[in-house]
Amino acid sequence: MSAGIDLENVCCDFGSFRAVDNANVSIKPGEFFSFLGPSGCGKTTILRMISGFTEPTQGAIRIGGKDVRGLRPNQRPTALIFQNLALFPLMPIWENISFGLEVRGVDKATRRKKAEELLELVELPGAADKMVSQLSGGQKQRVAIARALAVEPAVMLLDEPLSALDLKLRQHMRAELRSIQKRTGVTFIYITHDQGEALAMSDRVGVMSQGRIQQIADPRDIYNNPVNGFVAGFVGENNVFTGSVRNPATGMAGYETKLGTFRARLGELASGENVKLYVRPEHTLLSETAAAENSVPVTISEVSFEGAFIAVHGVAENGQTLVAEIRNDGSATVPANGSQMFMQFDPARAAILPDAAVAKG
Amino acid sequence: MEDLFRRYGHTLTFAFMALVAFWLLALVILPNLTLFEASFRPYLPVTEIGGPKDTYSLDNYAKFLRNPSPWNVFGIELQAPLNVKTFLSTIFYSTIATFITFALSYPLAYYLAKVVQPKSLPTMILLLFIPLWVSEALRAFAWYIILTFNGPLNAVLVGIGLLEKPIRWQQGVLTGYDAVVIGLVYSYVLFMMFPIYGSIQSLDRNQIEASEDLGAKWWQTHWRVILPHAKPGIASGSVMVFMLSAGSLLVPSVLGSTNSNWFTQTIQQWMLESQDWNTGAAYSFLYILLCTVVVALAMWLFKVKLSDIAK
Ligand SMILES: Nc1ncnc2c1ncn2[C@@H]1O[C@H](COP(=O)(O)OP(=O)(O)OP(=O)(O)O)[C@@H](O)[C@H]1O
Ligand SMILES: [Mg+2]
């Protein structure tokens, strides 16, 4: 019963402001797809266009291959879970869940039975006759999921559904959502500004900035092979060097900075002036001795203990602070503040990337 | 209290409080107490007041049930005391006016609260208020003029050919109370509109969208989501319009037909025409009591709690 979704050159303008610019994405049936991006980048707008509350200014949206232009939300096979859940406070839980069936004219006994089945599925048995105000945040969450599942949607749209929960519950609900999605096989389109959430749950992630989809890839690729500086910066930490490209060859290039010339992978879209060199702290190694290439002498300025790893900050001779993360497994000695060390990185683990792609307006 | 002292000083604060106390005591409580007391005494010539006949009794209240007269209710011939007939008609047509007011207000309130652009909202609300700048009396007379035999309504309807000859609107087309109901609706519609507007406004737009997203048609969303949420507003609007209608003297006096009689008119006849304030007072208190019972019954019928109205 799940369906794929295609966005083809979809744009959405609010007056002269372009909230979504030329979005192209093909989401497969049964896929768990996340849109990830900072606040105001147009994520909710994309969901509202898919569910039918906003019409795209340009482009086409297809659900299960069928163009849905002009169809109202109540005519589309989608179910939206709102950022604030929007449960009906004046109805008991079971009526909330079976609301979609009620408006389709299903009789009361069948509705009640279905509601109880769904409460079972979201592990909330016995809550049928409670009121919304009697539930905790996580329980409301489950009710919202059950209410959306009740109409047997081909596509579930989730707008930051976990953002109101505390960390522990959020992690628990991530796993829960993922397993509900696996069990039901429904296509999930999930929106979040939390990169950990997107990377942990999704089959694929679309990273957005200022109305544009920057990159679509599986979580691993997003993290390991970001296409630009925005993606690299949004999904993780980086040591960033500014300079210019020297001797580009296939795949690799030199990169000249005030701290010397480094060798690194050359990103596909990297050309022109606006390119920088990005290295992740966990790929930055500490050593007492200089290496043959990609080695920066630093003075250790701060050592912060983060639990699973230790972040070592060092100041290079031009004043730039670099960070190396070492695992807290006793394999490396933790340097003392003020000691002279070298920070090094593997050319294959460093990338020369352009800045973000921006809307052309 | 402390706050008031600090802000306005002792003299001014005491002056305020004295004025409020005076207003409550001398202008609200005392006159009502006097009337209440008078309602239990017989209506006597001045010379006999305080005399042996001036004793407390329920005679004035008992008059309510006197004078049985024939009454034709939707084709059924009944015998009922005239006062009961007047009272029931008043309640009935006040209820009708309340329902019509609701039917007009709800769509308007929904439109203002959820459809109109916030930019044009102040203009709309201003437009709604303009009729209130004109006094209630003038508004009633305006309708009187509109509905007269040689008035504009007949002229237009005959002019465009909808009517063959003019109608005596004020005598009533459906009942003798048509014009009264029109006048009441027109006078009190905003007392319904604003409470409903307030309660719909407080409804999260996502609730409406969630309902539509789950497949509800527009009327299902209204019936299951918006109306239940607006219930407190509807309840307080209805109570207000009903009480104002039942208590209106002006509108039924101006727009009533020869067949219509509003209970307030009965009270007025006792007090002003017969100069019998004792009976008038008794009828007034009885009327307040009965109206309260009707409102309480309606609230029970529609499962409205008192706390809903206070919201
Ligand atoms: N109805 C509207 N009218 C005008 N501008 C709008 C409207 N809806 C959204 N916008 C603008 O479009 C941009 C994208 O909004 P959107 O709600 O899609 O962001 P988002 O990515 O969901 O952000 P958040 O994470 O804060 O929810 C924002 O700059 C917002 O101000
Ligand atoms: Mg949003």
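Just so it is clear: chains get the letters A, B, ... in the order the sequence lines come, proteins before strands, and each one is counted from 1.
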* Tell me, do A:Glu102 and B:Gln220 make a side-chain contact under 4.5 Å, heavy atoms counted? -> no
* Structure fact -> Interatomic distance, CG@B:Asn206 vs CG@A:Asp159, rounded to 0.5 Å, equals 9.0 Å
* Does NZ belonging to A:Lys182 count more than 12 external heavy atoms closer than 6.0 Å? -> yes
* Asked: With chain B, which of A:Arg147, A:Gln75, A:Arg76 has the greatest number of heavy-atom pairs at distances under 4.5 Å?
  -> A:Arg147
* Proximity breakdown for B:Arg205 and chain A, heavy-atom pairs closer than 4.5 Å -> neither
* To do: Specify the closest pair of heavy atoms between B:Glu209 and A:Phe53, including all atoms of both residues, with the distance to one decimal.
  => O-CZ, 3.2 Å
* Does a side-chain heavy-atom distance below 4.5 Å link A:Pro89 with B:Gln207? -> yes
* Structure fact -> With chain B, the option among A:Ala148, A:Gly52, A:Ala79, A:Ala86 that has the most non-hydrogen atom pairs under 4.5 Å is A:Ala86
* To do: May I ask you to check whether over 12 heavy atoms, not counting those of B:Arg7, lie within 6.0 Å of atom CZ?
  => no
* **Heavy-atom contact with chain B under 4.5 Å, split by part of A:Leu80** => both
* To do: Pick one of side chain, backbone, both or neither for B:Ser211, based on which atoms fall under 4.5 Å of a heavy atom in chain A.
  => both
* To do: Would you indicate whether the side-chain heavy atoms of B:Asp204 and A:Phe82 approach each other to under 4.5 Å?
  => no
* Report the distance from atom CG of B:Leu214 to atom CZ of A:Arg104, rounding to the nearest 0.5 Å. => 7.5 Å
* Asked: Where on A:Ile81 is there a heavy atom nearer than 4.5 Å to chain B: the side chain, the backbone, both, or neither?
  -> neither
* For atom NZ of A:Lys113, decide whether the heavy atoms of other residues, nucleotides or ligands shown that lie under 6.0 angstrom number more than 12. => no
* Mind checking the CZ-CG spacing from A:Phe99 to B:Asp213? Nearest 0.5 Å is all I need. => 11.0 Å
